[in-house]
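In what follows, every chain begins at residue 1, and chains take the letters A, B, ... in the order their sequences are listed. This one's a predicted model, so the numbers in the text were calculated from it and none came from an experiment.
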Protein chains: 2
Amino acid sequence: MPAKRATSYACPIRDVLDRVGDAWSVLVIMELAGGPCRFNALQRVVNGISARMLSVTLRHLERDGLVSRRVLETSPPQVEYALTTTGASLHRAMGELAAWAETNQPAIREARAAYDASLEAAQ
Amino acid sequence: MPAKRATSYACPIRDVLDRVGDAWSVLVIMELAGGPCRFNALQRVVNGISARMLSVTLRHLERDGLVSRRVLETSPPQVEYALTTTGASLHRAMGELAAWAETNQPAIREARAAYDASLEAAQ
DNA sequence: CCGTATCCGTTATGATACTG
DNA sequence: CAGTATCATAACGGATACGG
């Protein structure tokens with residue numbers, strides 16, 4: 001059994017989740033939901049992403065038909081990325097989960113702290 | 001900047017997404033949504049997971065307060081895992097995304113095939 | 001400006017073997 | 001049954017440098 005990213009061997013929604021699970025993909029989709037954006041602009045706004053990972057992430061999203069890539073015939077050339085219709089629908093579908101995440105973040109942090117504390121106490 | 005799992009350095013919902021993004025976590029939550037389950041039973045039903053990864057995944061979920069762990073005083077001892085209230089609410093929140101995944105899986109597969117084909121054609 | 005290729009350390013994962 | 005320890009390996013991620 002290959003590593004984590006070995007695309008789904010049974011569960012059908014798995015390869016979709018794999019894409020969503022990718023840390024950067026979510027952030028990029030979030031940004032593009034606000035409107036089309038160019039490569040360097042994206043890199044500036046997506047906190048901490050390297051050019052390499054942005055490139056890789058965009059290629060994945062493009063391959064899955066979630067993001068479109070358009071080269072502008074300017075000088076110097078610019079490339080504009082945007083959510084496709086499918087990509088936009090994914091962004092909407094993530095809404096409920098994002099809301100849950102924000103609502104429950106405090107509870108999760110507390111649970112972690114409590115868990116870690118009980119471990120230390122046990123020693 | 002450390003690796004992928006370096007818990008969020010800006011985006012607040014990131015550490016929640018990191019958990020959801022973990023391939024196994026989602027599958028385990030899905031299974032537990034059907035009711036409490038023991039360790040080996042889980043391993044049998046979660047396709048392809050190793051004992052080690054199941055152990056690691058369960059500890060993460062437990063630490064985040066999403067899963068509870070109860071030791072039954074039987075012989076041989078059994079351990080029952082179950083979704084907590086928070087865990088169950090996460091499962092519900094994943095519902096919309098899961099539905100999206102199932103609906104759009106064909107489209108994504110097609111997009112991938114088309115993308116790969118156009119790449120080969122370009123050579 | 002928009003990438004991609006390479007190098008290379010860090011982390012994740014599976015297999016195996018062993019304990020309570 | 002329910003794990004954990006150790007080890008080898010593969011994937012991931014950042015930095016750098018170069019090309020379109």
(message) On DNA chain C, compare the nucleotides closest to P76(A) and S55(A); which residue's is nearer the 5' end?
(response) P76(A)
(request) Return the value, rounded to whole Å, for the distance between atom CD of Q78(B) and atom P of dG3(D). (result) 11 Å
(request) May I have the distance from Q43(B) (atom CD) to dT4(D) (atom P), rounded to whole angstrom? (result) 13 Å
(request) Could you check L90(B) against N104(A) for side-chain contact (heavy atoms from CB on, under 4.5 Å), going step by step and ending with a plain yes or no? (result) CA-CA 9 Å; L90(B) 172 57; N104(A) 291 275; over 6 Å; no
(message) If I take atom CG in residue L58(A) and atom P in nucleotide dG13(D), what distance separates them, rounded to the nearest angstrom?
(response) 14 Å
(request) Could you go through the side-chain contact (heavy atoms from CB on, under 4.5 Å) check for V46(A) and E31(A) one step at a time? (result) CA-CA 8 Å; V46(A) 177; E31(A) 287 303 330; 3.9 Å; yes
(message) Do L42(B) and L32(B) have side chains that approach each other closer than 4.5 Å (heavy atoms only, starting at C-beta)?
(response) yes
(message) Counting runs of three or more consecutive pairs, Watson-Crick or G-U wobble, with each distance below 3.5 Å, where are the stems of DNA chain D?
(response) C:3-20 with D:1-18
(request) Give a yes/no answer on whether the side chain of R59(B) brings an N or O atom under 4.0 Å of OP1 or OP2 in dT4(D). (result) yes
(message) Quick check on dG3(C): is either OP1 or OP2 less than 4.0 Å from any side-chain nitrogen or oxygen of Y81(A)?
(response) yes
(request) Group every Ile, Leu, Val, Met, Phe, Trp and Tyr by side-chain heavy-atom contacts under 4.5 Å, then state whether L72(B) and L83(B) land in the same group. (result) no
(request) Find out whether T86(A) and W100(B) are in side-chain contact, i.e. whether some heavy atom of one side chain is under 4.5 Å from a heavy atom of the other. (result) yes
(request) Let me know the distance between NE2 of H60(B) and C1' of dA12(C), rounded to the nearest Å. (result) 11 Å
(request) Take the protein atom CZ of R52(A) and the nucleotide atom P of dG9(C), then report the distance between them rounded to whole Å. (result) 15 Å
(request) Report yes if the side chains of E62(B) and Y115(A) come closer than 4.5 Å at any heavy-atom pair, otherwise no. (result) yes
(message) Between P on dT13(C) and CG on D22(B), what's the gap in Å once rounded to a whole number?
(response) 6 Å
(request) Please state whether the phosphate of dT13(C), meaning OP1 or OP2, lies under 4.0 angstrom from any side-chain nitrogen or oxygen of S50(B). (result) no
(message) Quick one, Q43(A) and I49(A) - any side-chain contact, counting heavy atoms below 4.5 Å?
(response) yes
(message) Does dC1(D) have its OP1 or OP2 closer than 4.0 Å to a side-chain nitrogen or oxygen of R38(B)?
(response) no
(request) Provide, to the nearest angstrom, the distance between the CE atom belonging to M53(A) and the P atom belonging to dG3(C). (result) 15 Å
(request) Report the distance from atom CD of E73(A) to atom P of dC2(C), rounded to the nearest whole Å. (result) 14 Å
(request) Would you tell me if any nitrogen or oxygen in the side chain of R69(A) comes within less than 4.0 Å of OP1 or OP2 on dG3(C)? (result) yes
